[in-house]
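Notes to accompany the following structure.
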Amino acid sequence: MFQEEKFDYILKKLKKNSRVSVSDLSYELDVSEVTIRKYLTELEEKGLLKRTFGGAILPDKLVKEKNFFSKNTTNVKEKIDISKKAHLLLEDNQDIFLDAGTTTQYIVDVISHYNNMKIITYDINIAIKASSYKNIEVYLLGGIVDSNSMISMSIDAYEMLKNLHADICFIGTDAFDKNYVYSTNHLKSKIKNSMIKNSKIRVLVSDSSKYEKRGLISFYETKNFDYILTDKKNKDLINYIQKLEEEDG
C-alpha cells in the first residue's frame, strides 16, 4: 500500500469513527507507531485532522475554551436545574472537590444548605462565592490566574492535589461523548483527573449541549463516573445514561 493510500485509509476510518489511535493504525497498516505519528502530523498540517495524545480526532469536532463571561450567560436555566440535583448526593460534613465552571458554581448554593462543608477548588469565582457562607470552608489551589476563565492553576497545585482526598467531586467539562470527557487545556485536564482519582464518589455535571462534542484532551472515560447530572433536552444522552444504569444493575 502506497503512502497516499494509507492516508486515505486513515481519513476514512477517522470519518467513520470520529477518532483513531496510533496503536490501532500501526497494527492495521503494518507500520511502526513512529511512522503513524509522522502520517498524523502531516495530515494535521494539511488541516485534515487534529492530533491528540495517542491518536487524532476530526478538526471540526474540537471545542474551544470560552471565556467566563460567555459561559456565564449560556444555558443558565439548565445549569441551575442541574446544580439542584446535587442535593441528592450531599450530606453534612463532606469534603468536596469542586471543578472550575459555571455549572459547578451554581452547586455552591446547594452546598450552602449543609453543615460543616469543605470545598477544594481552583476556580476563583467559586472560592469567592463559597467563602461568603460561614458553614463552608474554602481551599483555593494556587497558581497563575487565567483572566479569561478566572481559574488559578500551576504544577505545584497539581502536585499538592495528589495528596488531598474528598468524599465527592463534581467535575465539569468542555465536551463529552459516549467514550470520553474532554478538556481544552493539558494542565486543567490533569487537575480534573486528579480530583476524580482522589474522590470516593465521582460526578460529571454538564448541560446536554456539550454532548457528542470533543476537545483537545480526553481526561477520563465517561462510563466510569458514578453519576452524570445533566438536563433532559438530548434524548440520545438520556438513552445513553439509562443504558449505563442498566449495565450497572
Side-chain angles (χ1 to χ4, degrees), residues 79 81-123 126-127 129-131 133-143 151-174 176-183 187-207 210 217-231 237 240-249:
K79 291 175 180 178
D81 289 342
I82 291 168
S83 71
K84 291 178 180 178
K85 297 178 182 180
H87 83 88
L88 298 170
L89 303 170
L90 293 171
E91 58 186 46
D92 292 341
N93 306 305
Q94 282 183 312
D95 296 335
I96 302 167
F97 284 136
L98 202 52
D99 191 16
T102 50
T103 306
T104 47
Q105 184 175 330
Y106 288 117
I107 293 178
V108 173
D109 294 321
V110 183
I111 295 173
S112 70
H113 293 287
Y114 296 83
N115 297 314
N116 192 31
M117 307 297 275
K118 180 183 291 182
I119 289 176
I120 302 100
T121 188
Y122 58 104
D123 186 305
I126 285 177
K129 183 174 185 178
S131 63
Y133 295 104
K134 293 182 178 180
N135 55 322
I136 301 177
E137 181 181 343
V138 181
Y139 193 114
L140 177 62
L141 298 173
I151 61 177
S152 169
M153 296 188 300
S154 68
I155 293 296
D156 289 340
Y158 166 67
E159 291 297 329
M160 186 180 298
L161 190 57
K162 290 181 180 179
N163 298 316
L164 298 176
H165 299 268
D167 297 299
I168 188 169
C169 68
F170 293 96
I171 303 297
T173 182
D174 296 306
F176 70 110
D177 56 26
K178 294 178 181 178
N179 299 310
Y180 298 100
V181 181
Y182 301 91
S183 176
L187 181 54
K188 186 162 71 170
S189 70
K190 290 174 73 68
I191 290 174
K192 289 171 181 282
N193 188 265
S194 189
M195 285 182 165
I196 293 168
K197 286 183 176 179
N198 289 358
S199 296
K200 294 177 183 177
I201 301 173
R202 303 169 295 274
V203 186
L204 175 65
V205 292
S206 175
D207 63 84
K210 297 176 182 178
I217 302 164
S218 59
F219 62 88
Y220 200 65
E221 289 189 59
T222 310
K223 67 180 182 181
N224 288 337
F225 279 97
D226 297 304
Y227 301 94
I228 299 175
L229 304 186
T230 187
D231 56 71
L237 175 55
Y240 169 68
I241 294 173
Q242 290 175 344
K243 182 180 178 182
L244 289 180
E245 292 173 345
E246 290 171 1
E247 289 175 353
D248 288 340

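Heads up: numbering here begins at 1 and tracks the sequence.
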Is the shortest side-chain heavy-atom distance between [X] and [Y] below 4.5 Å?
{"X": "Gln105", "Y": "Lys129", "value": "yes"}
{"X": "Lys200", "Y": "Asp226", "value": "no"}
{"X": "Ser83", "Y": "Ile107", "value": "yes"}
{"X": "Met117", "Y": "Ile96", "value": "yes"}
{"X": "Ser206", "Y": "Thr103", "value": "no"}
{"X": "Lys210", "Y": "Asp207", "value": "yes"}
{"X": "Ile111", "Y": "Tyr133", "value": "no"}

Suppose we screen for side chain to side chain contact (heavy atoms under 4.5 Å, CB included). Which residues come up paired with [X], at least two apart in sequence or across chains?
{"X": "Lys223", "value": "Glu221, Tyr240, Leu244"}
{"X": "Ala100", "value": "Tyr122, Asp123, Ile151"}
{"X": "Asp92", "value": "Tyr114, Asn115"}

First locate atom [atom1] of [X], then atom [atom2] of [Y], and finally report the distance between them rounded to the nearest 0.5 Å.
{"X": "Thr230", "Y": "Leu237", "atom1": "OG1", "atom2": "CG", "answer": "5.0 Å"}
{"X": "Lys79", "Y": "Tyr106", "atom1": "NZ", "atom2": "OH", "answer": "7.0 Å"}
{"X": "Met195", "Y": "Ile171", "atom1": "CE", "atom2": "CD1", "answer": "6.0 Å"}
{"X": "Leu229", "Y": "Leu89", "atom1": "CG", "atom2": "CG", "answer": "6.0 Å"}
{"X": "Leu141", "Y": "Ile191", "atom1": "CG", "atom2": "CD1", "answer": "6.5 Å"}
{"X": "Asn163", "Y": "His165", "atom1": "CG", "atom2": "NE2", "answer": "6.5 Å"}

Taking all non-hydrogen atoms of both residues, which atom of [X] and which atom of [Y] are closest, and how far apart?
{"X": "Leu161", "Y": "Asn198", "answer": "O-ND2, 3.2 Å"}
{"X": "Gln94", "Y": "Asp167", "answer": "CA-OD2, 3.3 Å"}
{"X": "Thr104", "Y": "Gly172", "answer": "CG2-N, 4.3 Å"}
{"X": "Leu98", "Y": "Phe170", "answer": "CD1-CB, 3.7 Å"}
{"X": "Ile119", "Y": "Ala130", "answer": "CD1-CB, 3.9 Å"}
{"X": "His113", "Y": "Asn135", "answer": "N-ND2, 4.5 Å"}

Inset, instruction - Report the C-alpha separation of Glu159 and Lys162 in whole Å, then their side-chain angles, then the decisive distance to 0.1 Å, and conclude whether the salt bridge (Lys or Arg N to Asp or Glu O under 4.0 Å) test is met. - result: CA-CA 5 Å; Glu159 291 297 329; Lys162 290 181 180 179; 3.3 Å; yes
Inset, instruction - For Asp95, check side chain to side chain donor-acceptor pair (under 3.5 Å) against everything at least two apart and list the hits. - result: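 Listed in chain order: nothing, the list is empty.
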Inset, instruction - Let me know which of Ile82, Leu204, Val203 forms a side chain to side chain contact (heavy atoms under 4.5 Å, CB included) with Ile228. - result: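 Option passing the side chain to side chain contact (heavy atoms under 4.5 Å, CB included) with Ile228: Leu204.
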Inset, instruction - Would you kindly say whether Ser183 and Lys188 are connected by a side-chain donor-acceptor distance under 3.5 Å? - result: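 Side chains of Ser183 and Lys188: no pair found under 3.5 Å.
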Inset, instruction - Quick one: list whatever passes ring pair (Phe, Tyr, Trp, His ring centres under 6.0 Å) with Tyr220, sequence neighbours left out. - result: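 Once residues adjacent in sequence are excluded, the partners of Tyr220 under the ring pair (Phe, Tyr, Trp, His ring centres under 6.0 Å) criterion are Phe225.
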Inset, instruction - Could you tell me which residues satisfy ring pair (Phe, Tyr, Trp, His ring centres under 6.0 Å) with Phe176, sequence neighbours excluded, listed by chain and number? - result: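 Scan of Phe176 (ring pair (Phe, Tyr, Trp, His ring centres under 6.0 Å), adjacent residues dropped) gives Tyr211.
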Can any side-chain N or O of [X] pair as donor or acceptor with the backbone N or O of [Y] at less than 3.5 Å?
{"X": "Thr222", "Y": "Tyr180", "result": "yes"}
{"X": "Ser194", "Y": "Lys190", "result": "no"}
{"X": "Ser199", "Y": "Arg202", "result": "no"}

